[in-house]
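Bear in mind that the values here come from a model prediction, so they are computed numbers and not experimental data. Letters go in sequence order (proteins before strands), and every chain restarts at 1.
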There are 2 protein chains.
Amino acid sequence: MSEPANGNDGRPTRVTIREIAELAGVSIATVSRVVNGRGDVSAETRENVQRVVRERGYTVNRSARGLSAGRTGFVGVTIPKVHPVYFSSILSGAAEALSEQDMRIVLCPTEHEHDREVSLLERLMHGTTDGALLVLPEETNDELESLLNHGYRFVVIDPLKQLNERVPAVSAANSSGANQAVRHLLALGHRRIGAITGPNGWLATEERRGGYHAALASAGIMPDPAIEVASDFQIEGGIEAGGRLLDVAERPTAIFAFNDNLAIGAMQAARSRGLRIPEDLSIVGFDDLEWAQHVTPALTTVRQPLAEMGRMAVSLLTRLLDNQSFEALHVELATRFIVRGSTQRVSA
Amino acid sequence: MSEPANGNDGRPTRVTIREIAELAGVSIATVSRVVNGRGDVSAETRENVQRVVRERGYTVNRSARGLSAGRTGFVGVTIPKVHPVYFSSILSGAAEALSEQDMRIVLCPTEHEHDREVSLLERLMHGTTDGALLVLPEETNDELESLLNHGYRFVVIDPLKQLNERVPAVSAANSSGANQAVRHLLALGHRRIGAITGPNGWLATEERRGGYHAALASAGIMPDPAIEVASDFQIEGGIEAGGRLLDVAERPTAIFAFNDNLAIGAMQAARSRGLRIPEDLSIVGFDDLEWAQHVTPALTTVRQPLAEMGRMAVSLLTRLLDNQSFEALHVELATRFIVRGSTQRVSA
DNA sequence: AGCATGTTCCGGAACGTTTCGGAAGTGTTT
DNA sequence: AAACACTTCCGAAACGTTCCGGAACATGCT
């Protein structure tokens, strides 16, 4: 009835839906429907309300909406503590797609929270976010599926393991991208092609390895374990692994590094051994991070559409949140092979 | 009294504070006080409540808390659409510091929202976030101060303009960092030292320029406008600007690039002109991004403590939110000069 | 005994929104 | 003129917290 009691903090009291309703001479229910673009309101009333909203600079209180409607407009994104640029590309794609629907990203560092079962995700969802994007999640298949059964909505980006068909995921065409990269090397006459892989067991590693082996097989070459060393997707790891590869008895003439970090590490290892790239050694990477075209020589690599993966994940999630049905829960985005200066026809 | 009405969606009804209260045989208010660690509750009751909370996996509903208490536990971070790795370093520092206090970052893309005056920030604060971190904000001094007067809490990271004393900000010691870099070049015997600056008018640019000029002056050298070209902090810009610098009549023997992107661009420009680094040309950068030590030759640069800037900003913001008073609203973090392989004593 | 002082807890009123059920008003059909 | 359908709007009940004011009880002091 009377004015709402305020004067609590120094904080100025914000303009509320009630105020708009009074000024526009309608009920708060009507204002709500206008603001949320629902039907059931005449054009005249709608315009009038919108005018008042604009004049007073009203914006909906997301906490109140979250409480009342159950949806907060927030999407949680778990952030792995590796590969900042890989991650930020995905992030910017997702953020862009989300802001189109007036939704926002909540960052959820996944530090030491893996003590209690699925505690992070439970916390994530409970009154905080409508859904989540899980980047490189360490949760097991069972954990993820149990989450799914609890009614949580999320989509996995770049799964570490082969996921159950029911959990939505988006990834890149690792196998065919790797295949293409190695075929390129073969076409240049290389026969002894080493590889620096990611951690064994990671899906991205195994799929790329599959493409690598398949391409070798198509040329009648047996993979040689001596020139296939596992690493950790980091630059330092690439230096070390590249060194091991180059110190092998019968040195490879080309190296397929399973990501750009490893490739740049391998380049350093080669250089420190007096090898020229690409004259003495061809190198191919995977990712096409921003700096790949700016190293010397520019890196031949497989482009992974990271931002697009973020956007696609958002699109899947949105449809999940709207309870729409799905034709395919697993989406694999195409990669693109980019030839630059780090590969060359094998020298006689 | 009876069970709460549910069965609305397929969504499972979550465990609420009321449930915990009943199970623990105390009032809702008591549970709230336990959960929020406030006093006024006996050790026995506290432990009992905590046990029930643990058993049922209760977590507070942030929307409800936001509505009721006015604080949401969310901090908005505006993201400029440039320099992903620069930005992600700041972000990870801030995220880390915030998660220690169980607060979260909400990402706020600042695309085309600059139409209506301060609309982004108003939306940001209104029931959504407790405060904000503004990275490289394009808002004017007046806008920021008006926000401040409206009771908004925020801290600026890396301001673009000289800010009013009243608006809290954290930045790096641009001037002294630049000074140190140029003194290093001078000590190596360089006399003709060019510069690729950032956009004119940006605070970081002007401060670094100040340090650059001061160092030159200390060696009795007048800055030569012919070898000081402005660019945009991007790699492409560095290539272009570096080219201009190297095509000048009396070519500089060293280039101070105002960030690492520009430095790597300049390196490319030099290489495409057949110049060797560091033999024919010394190059210094600014930032020390991750890859700076992995380019060839490794980049001599000024390290900016980006993650620390994020943490510091959070610390300032936290104190602002707690209404604590301040000794200094402007914090400048020290930079560190790092000598690597891209600089060398000037050749005779 | 009477009184002040603490300690521990509870009741209940906000907080700002969404949404359900229904109430007016206006036509249209029977 | 009654019955019905449709459109447009409203009232009021949630949603799950926080926090103020005060109740109940124990304790210490006079």
Distance-only donor-acceptor pairs under 3.5 Å for side chains of residues 313-322 of chain A, two or more places apart:
residue : atom : partner : partner atom : Å
A:T318  : OG1  : A:Q101  : NE2          : 3.3
A:T318  : OG1  : A:V314  : O            : 2.7
A:R319  : NH2  : A:E327  : OE2          : 3.2

Using a heavy-atom cut-off of under 4.0 Å over every strand shown, decide if A:R18 touches base, sugar-phosphate, or nothing.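 Base, at least one base atom sits under 4.0 Å.
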Let me check something: any side-chain donor-acceptor pairs from residues 161-170 of chain A under 3.5 Å, sequence neighbours excluded? List them with distances.
residue : atom : partner : partner atom : Å
A:N164  : OD1  : A:R166  : N            : 2.7
A:N164  : ND2  : A:E145  : OE1          : 3.2
A:N164  : ND2  : A:E145  : OE2          : 3.2
A:R166  : NH1  : A:E145  : OE2          : 3.2
A:R166  : NH2  : A:N149  : OD1          : 3.4

Pairwise N/O distances under 3.5 Å, protein to nucleotides 21-25 of chain C:
none

Distance, rounded to the nearest Å, where [X] contributes [atom1] and [N] contributes [atom2]:
X     : N      : atom1 : atom2 : answer
B:R62 : D:dT18 : CZ    : C1'   : 15 Å
A:E19 : C:dG16 : CD    : C1'   : 12 Å
B:N61 : D:dT18 : CG    : C1'   : 13 Å
A:R65 : D:dA14 : CZ    : C1'   : 17 Å
B:R38 : D:dT17 : CZ    : P     : 14 Å
B:I17 : C:dG12 : CD1   : P     : 17 Å
A:E44 : C:dT26 : CD    : C1'   : 15 Å

- Item | Bend angle of the helix from C:dA1-D:dT30 to C:dT30-D:dA1, end axes from five pairs each (to 10°) |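 Comparing the first five pairs with the last five, the axes sit 50° apart.
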List for me each residue that meets side chain to side chain contact (heavy atoms under 4.5 Å, CB included) alongside [X], sequence neighbours excluded, and say none if there are none.
X      : answer
B:S92  : none
A:S171 : A:D158, A:P159, A:E332
A:L160 : A:L136, A:E138, A:W202

Please check: side-chain N/O of [X] versus main-chain N/O of [Y], any donor-acceptor pairing under 3.5 Å?
X      : Y      : result
A:T128 : B:R62  : no
B:D130 : B:V75  : no
A:T140 : A:E143 : yes

Within the sub-3.5 Å range, which N or O atoms of nucleotides 10-13 of chain D have a protein N or O partner, and how far apart are they?
residue : atom : partner : partner atom : Å
D:dC10  : OP1  : A:S27   : N            : 3.4
D:dC10  : OP2  : A:S27   : N            : 2.6
D:dC10  : OP2  : A:S27   : OG           : 3.0
D:dC10  : OP2  : A:T30   : OG1          : 2.7

Practice task
Can you sort out the partners of B:R311 under salt bridge (Lys or Arg N to Asp or Glu O under 4.0 Å), two or more places apart, ordered by chain and number?
Solution key: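 Counting only residues at least two positions away or on another chain, B:R311 forms a salt bridge (Lys or Arg N to Asp or Glu O under 4.0 Å) with B:E96, B:E308.
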Test salt bridge (Lys or Arg N to Asp or Glu O under 4.0 Å) applied to B:R56 - qualifying residues, sequence neighbours left out: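 Partners of B:R56 by the salt bridge (Lys or Arg N to Asp or Glu O under 4.0 Å) criterion, ordered by chain and then number, come out as B:E19.
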[N] phosphate, OP1 or OP2: any side-chain N/O from [X] under 4.0 angstrom?
X     : N      : value
B:S63 : D:dC15 : no
B:T45 : C:dC9  : yes
B:S42 : C:dC9  : yes
B:N36 : D:dT18 : yes

Worksheet item: Got a sec, which pairs hit salt bridge (Lys or Arg N to Asp or Glu O under 4.0 Å) with one end in residues 36-51 of chain A, sequence neighbours left out?
Response: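 Only A:R51-A:E55 qualify under salt bridge (Lys or Arg N to Asp or Glu O under 4.0 Å).
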**Item:** Contact list for residues 60-81 of chain B, test ring-ring contact (aromatic ring centres under 6.0 Å, His included), sequence neighbours left out
**Value:**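 The answer is A:F74-B:F74.
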Between D:dC9, D:dT18, C:dT17, which nucleotide has the shortest distance from any of its atoms to the side chain of A:V41?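 Out of D:dC9, D:dT18, C:dT17, the nucleotide with an atom closest to A:V41's side chain is D:dC9.
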